[in-house]
There are 2 protein chains.
Amino acid sequence: MITLTEENYIKAIYHLGNNGVNTVNTNAIAEAINTKASSVTDMIKKLSEKNFVDYKKYQGVTLTEAGKRVAVNIIRKHRLWEVFLVEKLNFSWDEVHEVAEHLEHIQSEKLIDELNAFLDYPTHDPHGDPIPDKDGNFTHIDKIVLSKAEVGVAYKCVGVVDTSTTFLQYLDSNHIGLGTLITINHKEPFDNSISIKLEHGDIVVSQSVAKNLYLKKI
Amino acid sequence: MITLTEENYIKAIYHLGNNGVNTVNTNAIAEAINTKASSVTDMIKKLSEKNFVDYKKYQGVTLTEAGKRVAVNIIRKHRLWEVFLVEKLNFSWDEVHEVAEHLEHIQSEKLIDELNAFLDYPTHDPHGDPIPDKDGNFTHIDKIVLSKAEVGVAYKCVGVVDTSTTFLQYLDSNHIGLGTLITINHKEPFDNSISIKLEHGDIVVSQSVAKNLYLKKI
DNA sequence: AGATAAATTTAGATTACCCTAAATATATTT
DNA sequence: AAATATATTTAGGGTAATCTAAATTTATCT
Ligand SMILES: [Mn+2]
Ligand SMILES: [Mn+2]
Ligand SMILES: [Mn+2]
Ligand SMILES: [Mn+2]
């Protein structure tokens, strides 16, 4: 039996540790999950007892294979629900995360399998993040951030790094979303801002925006 | 702030007290919720503090208006999710209850409003139970149980009293579901069993079955 | 009415999760 | 290599929800 709280810790460790590959330290978890470091230490001991993490005092934690399976399954559910909310219930991409945080904990294999089929087996969520299959395999897309893209090449927007409401709404107001075609006109060396060509016309985006938009050559 | 546990207690009190009209005693709640009477007493005190129930020691509880609002809202969510599971995700009517028990606690007004619209504003759940609207109003259907129906009159099945898996599967195996047309051939006085005419042919059902099927004249 | 049974509440613990403050270990400076 | 700063853990408690066993109240039976 795994509790909702344990699931959230495991998910945080997975994300903080670069999808389960790196060691994660206590303070990082505390900040991500909005608790105190001492609470994290307590929970880490419990997760270690249950063999979801490997833990050596003062040395941080890494997920075990079992821990990774739990994490990936929650992420699968989270992203499938996000697709559902956007595709079927008219949520916008900046509204789905909070609700999905709750829906992801519903335990029913049939529910997720049927939802997956109902949504026609989506491979990516509304933010361009890949949806793992039942076995935990992700479909990899070869994407780069706008700040590292080349001038004059035709790209398509395929995802975002930051999924905060403010960033997503900024993109909305500039008519940028998944699938939007983007070509770089000019990179300004002074402040690393970038002038890009969209369907509707040209706009200039700051370096922070450019670092948070994933593109793919078309 | 209301916890998931509090919601479950309030819902149980609502159902046990005949939709919030009767006083409910401690043992009944304990049995419904699968806890001990002493735990119920504790929780009742808390609910009373929060003004969801009226409580006098040793005299049982009744829901306040605020308590009824909470109960009806959870029931609304529960039944809408049940419709979703049956209509969209290929669940059968005996599989939905357990999952809906969890989904009903997800807190998002937009989620439920959009789900309601997506399902095309259903008025009844897969068991024939009415779905309250946002203001808590139920659409009332004039239904009677099969055991009180008249011989020779054409009825339609519009609901069940017992929603247990075993009963619902019994109905499935006898090709009885919501909308099934039923006419009584004969009522056997000896054991109160009833011979009924279905589309597929005649069958005899026991008194226990007859007491758990809701019919409506057509 | 008095005795007995049943229902309900109280007392005292337990588990999960979280907190503050103090102690200890590791990392960074000088 | 100290000294200082930072990160982490431990100690000691708190709250929500649960439990068992004992005490108390209400209901039922002679
Ligand atoms: Mn999300
Ligand atoms: Mn997402
Ligand atoms: Mn149900
Ligand atoms: Mn139902």
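These values consider heavy atoms only, across backbone and side chains, with no hydrogens, waters or symmetry-generated copies. Letters A, B, ... mirror the listed sequences (proteins, then strands); counts begin at 1.
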Restricting to side chain to side chain contact (heavy atoms under 4.5 Å, CB included), what partner residues turn up for [X], sequence neighbours left out?
X        : result
A:Ser38  : A:Lys36
A:Glu98  : none
A:Glu109 : A:Asp113, A:Lys134

Practice task
Enumerate the residue pairs fulfilling ring-ring contact (aromatic ring centres under 6.0 Å, His included) with a member in residues 42-73 of chain B, sequence neighbours excluded, ordered by first and then second residue.
Solution key: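 Output for this query is empty, none listed.
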Exercise for the section: Give, ordered by number, those residues of residues 7-37 of chain B having at least one heavy-atom distance below 4.0 Å to an atom of DNA chain C; if nothing qualifies, reply none. Expected result: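 The stretch gives B:Asn25, B:Thr26, B:Asn27, B:Ala37 as the residues lying under 4.0 Å from the strand, ordered by number.
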Exercise for the section: For DNA chain C, find the residues of residues 53-63 of chain B with a heavy-atom distance under 4.0 Å and give them by number; none if there aren't any. Expected result: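 Residues of residues 53-63 of chain B that come under 4.0 Å of DNA chain C are, in numerical order, B:Tyr55, B:Lys57, B:Tyr58.
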Handout entry: Proximal nucleotide (of D:dT18, C:dC18, D:dA16) relative to the B:Thr3 side chain
Key =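 Nucleotide nearest to B:Thr3's side chain: D:dA16.
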Exercise for the section: Give the nucleotide from the list D:dT20, D:dT10, C:dT8 with an atom nearest to the side chain of B:Thr41. Expected result: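 Between D:dT20, D:dT10, C:dT8, the one nearest the side chain of B:Thr41 would be C:dT8.
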Practice task
Round to a whole Å and report the spacing from CD of A:Glu6 to P of C:dC18.
Solution key: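 The distance from CD of A:Glu6 to P of C:dC18 comes to 10 Å, rounded to the nearest Å.
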Handout entry: Ion pair check, B:Lys11 and B:Glu104, cut-off under 4.0 Å
Key =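 Between B:Glu104 and B:Lys11 there is a salt bridge, with a charged N closer than 4.0 Å to a carboxylate O.
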Practice task
Run the salt-bridge test on B:Arg79 and B:Glu82 with the 4.0 Å N-O cut-off and return the result as yes or no.
Solution key: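 Salt bridge flag = no for B:Glu82 with B:Arg79.
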Exercise for the section: Taking the six-membered ring for Trp and the single ring otherwise, decide whether the centroids of A:His97 and A:His78 are under 6.0 Å apart. Expected result: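 When the ring centroids of A:His97 and A:His78 are compared, they turn out to be within the sub-6.0 Å range.
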Handout entry: A:Lys143, NZ: over 12 other non-hydrogen atoms inside 6.0 angstrom
Key =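 Atom NZ in A:Lys143 is packed in, count exceeds 12.
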Exercise for the section: Answer yes or no: does a side-chain N or O of B:Lys45 lie under 4.0 Å from OP1 or OP2 of C:dT10? Expected result: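 Yes, such a contact exists.
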Problem - C:dC19 OP1/OP2 closer than 4.0 Å to side-chain N/O of A:Ser39 - result: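 Answer yes for this pair, as a side-chain N or O of A:Ser39 is under 4.0 Å from OP1 or OP2.
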Problem - Touch class at under 4.0 angstrom, heavy-atom based, for B:Thr5 against every strand present - result: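 The answer is sugar-phosphate, as B:Thr5 gets under 4.0 Å only of primed atoms, P, OP1 or OP2.
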